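Below: the structure, in structure tokens.
In this chain, residues are counted from 1 in sequence order. Please read all numbers here as calculations on a predicted model, not as lab measurements.
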Amino acid sequence: MLTSIKTNDNHWTVVLNAQPYQFDHTHPRYTDLVSCVHSGDADEFVRLFNTGNQIEDWSEGDFEFRNGFLYFEDEQIATQPTNRVVELIRQGFPHQPMLNYLKNLYNNVSERAVQESYTWSSHKGLPITDDGMMVGYKGVIIYRGETIQGKNGEIKDGDYVDKHTGKTFRNNVGDACSMKRRQVCDDHTQGCSSGLHVGTYEYASDWAGPTGVVVLVKFNPKNIVSVPSDCECQKMRVSEYEVIRIAREQLQEAVYEHEDDYDYDNEEDYYEEDVNF
């Protein structure tokens with residue numbers, strides 16, 4: 001028989017055979033555990049509760065599960081990163097990408113930016129890389145005109161450029177775009193403001209429009225500055241990113257694995273044949 005006590009902040013204490021079990025919303029199987037409490041399914045409750053032990057085994061001790069909470073380097077991990085850990089386990093990936101991601105994220109100088117990033121990263125199709133970088137999408141346009149000097153190199157006719165100005169940052173595959181962090185707006189209540197913007201696939205596709213292009217960009221979580229709240233957290237402002245390829249479609253897996261067979265010399269042909277908005 002399951003005996004339970006729940007506090008106002010959704011912290012549960014469940015007693016089963018004189019053994020106490022404590023968990024709250026940060027537990028990767030929180031909803032299922034609550035269902036077990038309501039149904040009285042003790043066996044399933046214990047199995048789900050021990051998901052934490054599975055995480056510890058999977059991560060070879062880099063993550064700890066204590067009293068229903070997941071920890072990394074003695075810091076309690078929020079719900080969204082915890083869910084990503086569980087997703088990596090389900091998809092059979094090693095733990096190192098998640099470990100690298102958290103190390104990068106916790107090097108961010110802004111705790112507020114870290115907290116805001118959780119909501120953005122919970123969107124579908126936003127994976128991490130083996131080295132712990134994040135991957136997002138950016139809508140760009142094709143530059144037409146005479147060669148000009150951009151902030152990160154010459155911009156020639158046919159190059160990809162940021163849509164907002166149409167002439168500031170070249171966004172060809174392999175290009176790195178950066179600006180000083182203090183020049184990036186850190187106020188999440190400001191929807192349109194200064195900074196390098198990265199979005200979800202849906203947001204980037206809408207921004208690119210029928211004549212634009214969606215590219216995949218990679219960035220370090222430590223360079224996240226703010227997540228504007230005006231568009232359901234579908235975009236964020238960062239101080240630096242790298243364009244890694246043209247986006248065929250929204251990515252599905254939790255970890256991004258580079259496609260070595262992609263022909264970067266035929267970007268425009270690839271775009272015309274395979275990219276749909």
At what distance, to the nearest 0.5 angstrom, does [atom1] of [X] lie from [atom2] of [Y]?
X	Y	atom1	atom2	answer
S194	H164	OG	NE2	9.5 Å
L196	Y241	CG	OH	5.5 Å
M179	S239	CE	OG	8.5 Å
M236	H123	CE	NE2	9.0 Å
D41	D43	CG	CG	6.5 Å
L48	Y21	CG	OH	12.0 Å

Closest contact, heavy atoms only, [X] versus [Y]:
X	Y	result
Y203	K235	OH-CD, 3.2 Å
P221	M134	CG-CG, 3.7 Å
T168	D162	N-OD1, 3.2 Å
I141	G166	CD1-CA, 4.2 Å
H38	W12	CE1-CH2, 4.2 Å
S122	Q80	CB-CG, 3.7 Å

Check the hydrophobic clustering (I, L, V, M, F, W, Y; side-chain heavy atoms under 4.5 Å; chains of links allowed) and say if [X] and [Y] are grouped together.
X	Y	result
V161	I246	no
V215	W120	yes
V173	Y143	no
V114	V184	yes
M133	L88	no

Look only at the side chain of [X] and the backbone of [Y], and say whether a donor-acceptor pair between them is shorter than 3.5 Å.
X	Y	value
E253	P127	no
H188	D186	no
N152	C177	no
S39	C36	yes
N104	N220	no
E242	K218	no
S226	P228	no
D175	N172	yes
N107	K222	no
N108	S110	yes

Check against side-chain contact (heavy atoms from CB on, under 4.5 Å), I77 and L102: CA-CA 9 Å; I77 301 176; L102 289 173; 3.8 Å; yes
Tell me, do [X] and [Y] make a side-chain contact under 4.5 Å, heavy atoms counted?
X	Y	result
E87	N83	no
I55	I89	yes
K138	V243	no
Y137	V217	no
Y256	R245	yes
V135	T129	yes
V86	Q54	no
D159	I142	no

Modelled atom types, side-chain donor and acceptor of Q96 and N100, under 3.5 Å: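 Side-chain D/A pair, Q96 to N100: present.
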Enclosure of K156 NZ (heavy-atom neighbours >12, cutoff 6.0 Å):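 Incorrect, the count does not exceed 12.
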For Q183, does the CD atom have more than 12 heavy-atom neighbours from other residues, nucleotides or ligands under 6.0 Å away?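 Count over threshold, so yes.
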Can you label the angle between the Y106 ring and the F72 ring as parallel, tilted or perpendicular, going by 30° and 60°?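 Tilted.
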What's the verdict on side-chain contact (heavy atoms from CB on, under 4.5 Å) for L126 and S121, showing C-alpha distance, side-chain angles and the deciding distance? CA-CA 6 Å; L126 297 172; S121 62; 5.6 Å; no
Sequence-distant partners of Q149, side chain to side chain contact (heavy atoms under 4.5 Å, CB included), two or more places apart: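 Per chain and number, Q149 pairs via side chain to side chain contact (heavy atoms under 4.5 Å, CB included) with E154.
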Run T189 and D187 through side-chain hydrogen bond (donor to acceptor under 3.5 Å, both in side chains) and show every step you take. CA-CA 5 Å; T189 66; D187 184 355; 2.7 Å; yes
Distance to the ring centre below 6.0 angstrom and angle to the axis at most 45 degrees; does that hold for K163 and W207?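 Because its charged atom sits under 6.0 Å from the ring centre and within 45° of the axis, K163 does stack over W207.
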For the pair R47 and E44, find out whether any cationic side-chain nitrogen is under 4.0 Å from an anionic carboxylate oxygen.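 Yes, charged N to carboxylate O under 4.0 Å.
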For D32, is there an ion pair with R29 - N to carboxylate O distance below 4.0 angstrom?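 Yes, R29 and D32 are salt-bridged.
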Step by step, work out the side-chain contact (heavy atoms from CB on, under 4.5 Å) result for H11 and F23. CA-CA 6 Å; H11 183 96; F23 67 95; over 6 Å; no
Which is it for E202 and C231 under the side-chain contact (heavy atoms from CB on, under 4.5 Å) test, yes or no, and what are the steps along the way? CA-CA 11 Å; E202 179 181 8; C231 57; over 6 Å; no
Residue from T147, N171, I148 passing side chain to side chain contact (heavy atoms under 4.5 Å, CB included) with I155: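 In the set T147, N171, I148, the residue that makes a side chain to side chain contact (heavy atoms under 4.5 Å, CB included) with I155 is I148.
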